[in-house]
Amino acid sequence: MEADSVRINELVRYLKDGIVNTDVNDSVEYESHEPSDDDECQPTSDCYTTDSSSQDSSIYESDVPFDLSEWLIIDSRSNRRRSPLILEFLRLLLEKPRYSSYASYTNSSLGIFQIYKPNEVATLWARVRSRQSSRVMSYDKFARAIRHYYQYSAMIKTNSRYTFQFGTVTSGIEDRNNHIS
DNA sequence: CACCCGGAAGATCA
DNA sequence: ATGATCTTCCGGGT
């Protein structure tokens, strides 16, 4: 619990700042460049059988061209590129017009947004994360990760389907972690 | 029904 | 080895 909130605090600063410059277009190249051995092709997590039972389109994920680099965050502490935390992922997703069919704000000033393609978003999350797992990332698990943030008020429950709200994190969590010194 | 909720425990990565 | 951040599974509720 309090273990979580330590790291959350950094996240909070990111969220509070608004959107971090995700522009990797410039020359933000640090000498610690990754060898990029297995950056894009995961044998297991990459192939998803299109269970087109719920979606109208049988084509999944080829919808929008995937570019991992646009999802990476430059960690302010280590100056290294890393995959985003889930809330960072959400912010990134929402700010990309190309993904407006996946999810978008229904009230941007309040930070309320809706996911239109839960399966695609979950799949995208798994790709962005490029984490080792033999299991498929489902919307259910994706949503569970978001729910963890309710306890920190980093996210707020809504009563609507596929709808979440970014919380007013700046008031709840910082107090807890002012003892960093 | 498909989602939403949140506990509990396991997994992954820095 | 340890902590942060999920991931996985699940029973109960809407």
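Keep in mind that this is a model prediction, so the values were computed, not measured.
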Does NZ or CZ of Arg129(A) come closer than 6.0 Å to the centre of the six-membered ring of Phe89(A), within 45° of the ring's axis?
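No, cation not above the ring by the 6.0 Å, 45° rule.
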OP1 or OP2 of [N] versus the side-chain N and O atoms of [X]: is any pair under 4.0 Å?
| X | N | answer |
| --- | --- | --- |
| Lys141(A) | dT8(C) | yes |
| Ser133(A) | dT8(C) | yes |
| Tyr150(A) | dG6(B) | no |

Kindly point out which of dC13(B), dG6(B), dT7(C) is positioned nearest to the side chain of Lys157(A)?
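That would be dG6(B).
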Nearest of dA14(B), dA8(B), dC3(B) to any side-chain atom of Tyr139(A)?
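So the nucleotide nearest the side chain must be dC3(B).
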So does Asp75(A) pair up with Arg82(A), basic N to acidic O under 4.0 Å?
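Salt bridge: yes.
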Quick one about Ser69(A) and Asp67(A) (side-chain donor to acceptor, distance below 3.5 Å, no hydrogens or angles considered), yes or no?
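Per modelled atom types, Asp67(A) and Ser69(A) side chains form a pair under 3.5 Å.
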State yes or no: are the ring centers of Trp71(A) and Tyr99(A) separated by less than 6.0 Å?
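When the ring centroids of Trp71(A) and Tyr99(A) are compared, they turn out to be within the sub-6.0 Å range.
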Using heavy atoms to find the nearest nucleotide of DNA chain C for Asp140(A) and Ile146(A) separately, return the residue whose nucleotide is more 5′.
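Counting from the 5' end, the first nearest nucleotide belongs to Ile146(A).
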Is Phe142(A) touching bases, backbone alone, or none of the nucleic acid, heavy atoms closer than 4.0 Å?
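It contacts nothing in the nucleic acid.
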Base, sugar-phosphate, or nothing: which does Arg129(A) touch, judged by heavy atoms less than 4.0 Å apart?
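Counting heavy atoms under 4.0 Å across all strands, the contact made by Arg129(A) is with sugar-phosphate only.
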Using atom [atom1] of [X] as one end and atom [atom2] of [N] as the other, report the distance to the nearest whole Å.
| X | N | atom1 | atom2 | result |
| --- | --- | --- | --- | --- |
| His148(A) | dC5(B) | NE2 | C1' | 11 Å |
| Gln151(A) | dC5(B) | CD | P | 14 Å |
| Met137(A) | dT12(B) | CE | P | 12 Å |

Could one point to a donor on the side chain of Arg147(A) or the base of dG7(B) with an acceptor on the other under 3.5 Å away?
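Looking at the base of dG7(B), it does not pair with any donor or acceptor on the side chain of Arg147(A) (distance under 3.5 Å).
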Distance-only donor-acceptor test (3.5 Å): side chain Arg80(A), base dA14(B):
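Flag unset: no donor-acceptor pair detected.
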